[in-house]
Structure formats: C-alpha cells, structure tokens
Protein chains: 4
Amino acid sequence: MWIPIQLNEHSAEPLYHQIEVQLRAFIVSGQMPEGTMLPSIRELAQLTKCSVITVRRVYQDLENEGLIRTRQGTGTFVAKVEDEARDRQRRNAVMEALESAVDAGLRVHFGEDEIVEMLQEVLRSRREADASAAAPGGEEAQHD
Amino acid sequence: MWIPIQLNEHSAEPLYHQIEVQLRAFIVSGQMPEGTMLPSIRELAQLTKCSVITVRRVYQDLENEGLIRTRQGTGTFVAKVEDEARDRQRRNAVMEALESAVDAGLRVHFGEDEIVEMLQEVLRSRREADASAAAPGGEEAQHD
Amino acid sequence: MWIPIQLNEHSAEPLYHQIEVQLRAFIVSGQMPEGTMLPSIRELAQLTKCSVITVRRVYQDLENEGLIRTRQGTGTFVAKVEDEARDRQRRNAVMEALESAVDAGLRVHFGEDEIVEMLQEVLRSRREADASAAAPGGEEAQHD
Amino acid sequence: MWIPIQLNEHSAEPLYHQIEVQLRAFIVSGQMPEGTMLPSIRELAQLTKCSVITVRRVYQDLENEGLIRTRQGTGTFVAKVEDEARDRQRRNAVMEALESAVDAGLRVHFGEDEIVEMLQEVLRSRREADASAAAPGGEEAQHD
DNA sequence: GTGGTCTAGACCACC
DNA sequence: GTGGTCTAGACCACG
C-alpha cells in the first residue's frame, strides 16, 4: 500500500496545493498512525511526477502545521495529532468541498433534491469503478 | 437583478477563473437570455474589485467558448447557445464539484451515508442563510 | 539562428498580431522542428521591445491554436503539427497577402501584367538587399 | 455605379483605415475626376454599415491629405491632385501590399517562382470570379 | 459611453 | 531560470 495521490495537471489549483490536501487528508484520516515514516521527498517527487522542490514545499507546509516532523538524515514522520483536531480537519475538508459543490448547484438553479440525486449518482459511479478495479474479472462485486 | 459574483481572494484559484466559472454558470443556467447585454468590462471590474484586464480576459475566454459575443464600442452580449450544450455545461459544473467532494470524503474514509448526510447539512444551512437574508427582521421564516 | 521578427510600430495592426503572424510563419515553415524551445517570454519581449504581457498573449494564442505547448517553469516548445495542416497554413498566409495585394492593384486599375511586373520588381529588390546584406564588403555577390 | 468598398470585420486593421485605403485608391486611380461629389457621410455610413463618426473621420483624414474638400452645406468633393502625386500614390499602395506578401512568402521559405505562381493563381481566380459575376447565366465570358 | 491594445512592474508557482 | 496571474493606468477605435 502507498499513498494514493491523483494530480490534475490542468486544474487551476497549484500542484503543491493538490498534494498537500491529499496528504493531509491521508494523515488526518488515521491511515498513517503517529510515527509512520513518510516517503522521502525524492520518492514522492517521482511518484507524483513533479520536482523535488515542489514536494519539499509540501513537507515544509505540513511541518509548519505540525502534522509531520522531519529528522535530519533519518526521514519524515507523522507527528502526534490531537484526536479532536484530527476529526475537525477530516470533516472540514469534505464540508468545504461539498459547500462549493452546493454553491455551484444552486447558482445554476438546481433544486436541493436534484443535487442530492446527483451526489448519489457520483457515489454510485465511484462504487462501480472501485468494484471493477478490485475484481476486474470477477462477479462477486461488493455493494458496500 | 444583477450578477452575484463572490470571489475568494485567498484561494489558490486564479481570480479570472473564479469569475469565469460563476459567469459561465449564470449564463448557462438560462438566467440571461440570448442577447442580454452583460455589464461593461469596467463595471464588472469595479463590481468584482479586480482590474479591467482580468475581466477582459474573462470575457475573451467566454467569447472563445462561444458563450458571449463582444462588439467594439457597443458592448458584450449573451450569444446563442444550443439548449443541449447549455444543459450539458450546467450539469457538468455541478457534477465536477460533487466528484471532487466525494473524492475528498472517500479519501478520509467517510462512508457514503455520512457524505450524503453532510451534503444535507450543507443544504440545510444554506436554506437557513437564505431565509434569514430574505427576512432579516425575523418574521416567521426559519424553522431551524 | 534566431527568429527574425520585424515590427512596424506605426502600423494600425496590433503588435501582438504582427508577432503572431511572423512566429506562426516561422514555425509552420518547418524552421523549428517539433520540440524546439522557443525564446522565453522575457527574452522575446526584450527582442521585440514590447512588454512581456504582449508576448504572453502571443504565446497563449498560439497555444490555443495548438502550434506550441507551454510548461510552467520549463519553457515553451513547438508542438506536433500535422504535415497537412502545416502546409495549409504555410500556403494560406501567403495567399491571403497576395489576395489583398491583387485587390489593391485591381482597385486602382492596374492590369494583370503590371501587377506581375511589380511583384517581380519587389522580388528583385529583395534579392539585392539580401545579397548586399550577405556580402557587405562587396566581394562578388550581387549582379544588379 | 457606386464606390465598391469591402470591409473585413475580423481583420486587425481598423475599419476607418480599411475605408480610407479603398477610398483613396478609388480617387487616386482616376475613377473619380476632380470635382466629383462623394456620397454624404451618412450615405457612406449606411453603405459600409459603420457609424457616421467612423466615416466622418475618414473624410477628415482624406481632407487633411488634400485629396478631398468639404464645402459646408453642399457636400464633399474630389480635390485637384497633381498627376505625379496621384501616380505615385496609386503605385505605392500596390507595392506596399506586394512587399508584405513577398515578405510573408520568403519568411516561410517559398521560392520566387512559387510566389509568382501563386500570384498568377490569385489573378486567375479573380478573373473567373469577375466573369461569373458579370455574366452569371451567359457563356460569352471575357478573358480580358 | 463601449471594447481593444499596450505598458511597466509586481508577486507567485514551478524546475 | 521558466511560465502564470494581476494591477493601475494609458491611449486608441468605435457608437
């Protein structure tokens, strides 16, 4: 298992920001317990296909936030996070995204029901994509 | 009636892009019939508190997309758009936002139900905000 | 070898358009193979004595046309162009100019022969200019 | 018969400039002898589908050049022009256009012969267009 | 009044 | 170093 980071090159969102958001989410969601060693800057650079400088900036930002800690010559590790802070961050990230989606929907005059409907459509398609990825030939698909 | 554009100065998203997204949504949602004159570059610049150049770029991009038409010395107008294209764009804008929200949610291991729940929470809070904005004196509106 | 761009400051034609036309011609004529790096925005701005913004616009327009590709922090490069499209563009540029010249000639009642004659005169003077530029010391070159 | 002016709305060349060039050519080529009355500003505006202000500017520029003369309440008339000046202007307009066409051609590495060939192609197509316009149903077409 | 072009210079993201 | 965004203000073309 390794950090699943998907970057959108054509987005107006800066690369470093996309990486930060996803890495922060990964840590905050408890998938990397305190003390876990992160990939080296150059590994992550290779993985994300961007320059080490960009990744270095990400690690530095997260260290300033107190999420990770760098030890000279040893590596970078997940720092101790308060459970409460973690929960808040975890929730916040999603709420913000949902708010901006709702804004977009209301702006073009979709009704609340339609928006909920569309969300469920997205969830469904994600579920199917996962299923076919997990069991590409199989039939015993999971419907969570 | 006038175009409600909200900019987030601290976002990493370029200003011109934020304006484009909202203006596109406004046009595509059918709130400005074909031929409607858009605010002049200078007006919109004042309204959004950014420079005329930035607005100019927005209008030019939208013209390249075929959504609007500009005539020197006359103004900028909503162009003819195929209904189908309009519907597609309208839906797309929201779906994309929802997809990125769902990604964010799944990434931090929220369940589908939790995400739907959060969406409804957002919708509820938006509804309340609207109600209190519409009836600031606090007549009977909100059923919090 | 470097891109020979001549601007006419007093022309009514916008600077960015003059640059575009010549740069497009240069690329389309195959003098810069796919992948060649173009001068940086700042370099070209200095070279053409206009602002970086103007050059930026040129590069962006050409990128929208698909002639070049820009990569942030890396540079601007000649894109892959279909041979056919390239030939068409190459020919078009000249035909349009010739058409407008012929229009001008016929409008003032020059005969076809006179126009061809004048064209040859222009070609001759260009040839001589080149010769004297190539051999400024006056070796043997020009056969005036 | 009336002044044949063709405007290209999408050209980067200003409208007023296009009109000036063609009107100047028309006068200078001797098609309007001294004293001939030009169409009124508002007539020409209607004819060219642009505003009277634009046409007024054209007339003013040509008057400053000494090509035409305006008499209050009477109209605008072709002024007396020296034969030599007229010939020079007549020739210049075409030579300039040819020069820019040759530049365009050489820039994309066409040979002199190819350019001459293309010119003749343009002349041929113009001749055919004229023929079919003059005798749309007929057969006794003119080949000059 | 409108849109169209251009400048000079700033700051940011990225390599 | 590269490209990307933005500003404040100027002047022109056009109605």
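A, B, ... follow the sequence lines: proteins, then strands. Residue 1 opens every chain. The structure presented is a predicted model; accordingly, all values stated were derived computationally and were not measured.
- Taking atom CG of A:Leu15 as the reference point, atom C1' of F:dG4 lies 13 Å away to the nearest angstrom.
- B:Glu34 places no side-chain N or O within donor-acceptor distance of the main-chain N or O of B:Val81, the cut-off being under 3.5 Å.
- Nearer the 5' end of DNA chain F, as judged by each residue's closest nucleotide, is the contact made by C:Tyr59, out of D:Ile53 and C:Tyr59.
- The side chain of B:Thr74 lies closest to F:dG15, out of E:dC14, F:dG15, F:dG3.
- Both B:Glu43 and A:Tyr16 lie close to DNA chain E; mapped to their nearest nucleotides by heavy-atom distance, the more 5′-ward contact belongs to B:Glu43.
- Each of B:Ile41 and C:His17 lies near DNA chain E, and the nucleotide nearest B:Ile41 is the one positioned closer to the 5' end.
- We find that CD of B:Gln72 is positioned 16 Å from P of E:dG1, with the value rounded to whole Å.
- OP1 or OP2 of F:dC6 has not a single side-chain nitrogen or oxygen of B:Ser51 nearer than 4.0 Å.
- Judged by distance alone, with hydrogens and angles left aside, the side-chain atoms of B:Gln22 form a donor-acceptor pair with the main-chain N or O of B:Gln6 at under 3.5 Å.
- Close to E:dC6, at under 4.0 Å from its OP1 or OP2, lies no side-chain N or O of C:Thr54.
- Rounded to whole Å, the distance from CD1 on C:Ile68 to P on F:dG3 is 10 Å.
- Distance CD (D:Glu20) to P (F:dA13): 10 Å, rounded to an integer number of Å.
- The listed nucleotides are F:dA8, E:dA13, E:dG4; the one nearest the side chain of A:Pro14 is E:dA13.
- Put simply, B:Thr76 has a side-chain N or O that comes within less than 4.0 Å of OP1 or OP2 on E:dG3.
- At F:dT2, none of the side-chain N or O atoms of C:Arg42 fall inside 4.0 Å of OP1 or OP2 (strictly under the cut-off).
- The side chain of B:Thr70 contributes an N or O atom lying less than 4.0 Å from OP1 or OP2 of E:dG4.
- For the pair C:Arg56 and F:dT5, the criterion of a side-chain N or O lying under 4.0 Å from OP1 or OP2 is met.
- Of the possible donor and acceptor atoms, one in the side chain of B:Ser29 sits under 3.5 Å from a partner among the backbone N and O of B:Phe26.
- In this structure, E:dC14 forms a base pair with F:dG1, meeting either the Watson-Crick or the G-U wobble geometry with both donor-acceptor distances under 3.5 Å.
- Summarising the geometry, the separation between CZ on C:Arg57 and P on E:dG3 is reported as 15 Å, rounded to the nearest angstrom.
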